[in-house]
Amino acid sequence: MKRLTIDPSTSGLPTKDHVETKAFPEAKTTKLHPANAKEEDTNATLYFIGTATTILEWEGLRILTDPNFLHAGDHVHLGPGVSGTRQTNPAIDLEELPRIDAVLLSHYHEDHFDRLVEDKLKRELPIITTPHAKKCLEGKGEESFTHVHALDFFESIQVDVKDGEATKQRKPSIKITGMPGKHVPPGPLAVANDILKAVPPINGWMIELGYADGPEQFENGYRIYISGDTLMIDELKEIPERYKGQNIDLMLIHLGGTTIPGPNMPLLMVTMDAKQGVQLMQLINPDLTIPIHYDDYDVFLSPLSDFKKAVLEAGLSDKVVYLDRKDQFKFNVRQGDDSGSGSGSSGLLAEKLATHAV
Ligand SMILES: [Zn+2]
């Protein structure tokens, strides 16, 4: 397994324009996992900026996903002759970003890594991404990014958090694994796309937050699956097979039913719509799902209201948490129990709450 050690105390400023460190952005609303948890019993935060951009913070480490900081009216180039117009503003601007220790990039597309981000981001910021995006990010001559790590499907990297406290026996650690995904449905179109390179290859992610005793021992404490910009494809069926008996606490699903003109074709949907989103919930069966990437561009044709309706019809309403831009979601990364059974989260929290009551 690939390994990376990150020391948040040395991460510096996230962009070339930053002159001072900014505070972690304040949230409009906080939602909790489980919904009746007490905020003081949580130790990790996911802050929603917009599109597929979030900040995941835990144990002093901050990961920024799919950075997109364009504003309403700005355009993105999404392939030969294909563009989109942003309809929303991000919760914070690029220059308001707090300290960031790493970027997780699902694919090299401008609604996930825009030109502004590409210009301004510090070159040495570690980026974990696809082999295709690595090539692009490292092929910019003097402006190349210098710490890019690529993962294939089902390949993992273990990110150890250097906390400076040598007394701590168990080190916080994050295992990130590339998950399969495809923007383009299999068949003749996929072949055409391979030739045209119109739509880049994508990764989903499994992010496991946990603790490691030694180099080879990792114990998961909270498991997050991020779908990436994929359609419902057969390859996704391998995920529940590989993680059989291992609870998936949270899923971030890229919705929107993004529809663009395909190569020599009238229209082509390249991300999940409401129907496929519900199918993915049924396939992955996470404790909770948070939809993201749903209303930020004019090419996102499947509105969140469609997903809400489909979720209601499928009887899955208590399994979904809706975040607006500027909202945050807090949860507890368990320590000392193997989450395999899936009862870990609520069980441990109930135990804690009981202790508090005494
Ligand atoms: Zn996208």
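Start at 1 and go down the list; that is how both ligands and their atoms are numbered. In this text the structure is predicted, and so the values were computed from the model without any measurement.
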* What N/O/S atom of Asp229 gets nearest to the Zn ion (ligand 1)? -> OD2
* To do: Confirm or rule out an N/O/S atom of His109, from backbone or side chain, lying less than 2.8 Å from the Zn ion (ligand 1).
  => no
* Asked: Has the side chain of His77 got a donor or acceptor atom that lies under 3.5 Å from a matching backbone atom of Ser83?
  -> no
* Counting only N and O atoms by type, is there a donor-acceptor contact under 3.5 Å from the side chain of Thr271 to the main-chain atoms of Gly257? -> yes
* To do: Would you kindly say whether Glu138 and Ser144 are connected by a side-chain donor-acceptor distance under 3.5 Å?
  => no
* Angle in degrees, rounded to 10°, that NE2 of His112 and OD2 of Asp111 form at the Zn ion (ligand 1) -> 100°
* To do: Please state whether the rings of His112 and His254 are parallel, tilted or perpendicular, taking 30° and 60° as the class boundaries.
  => parallel
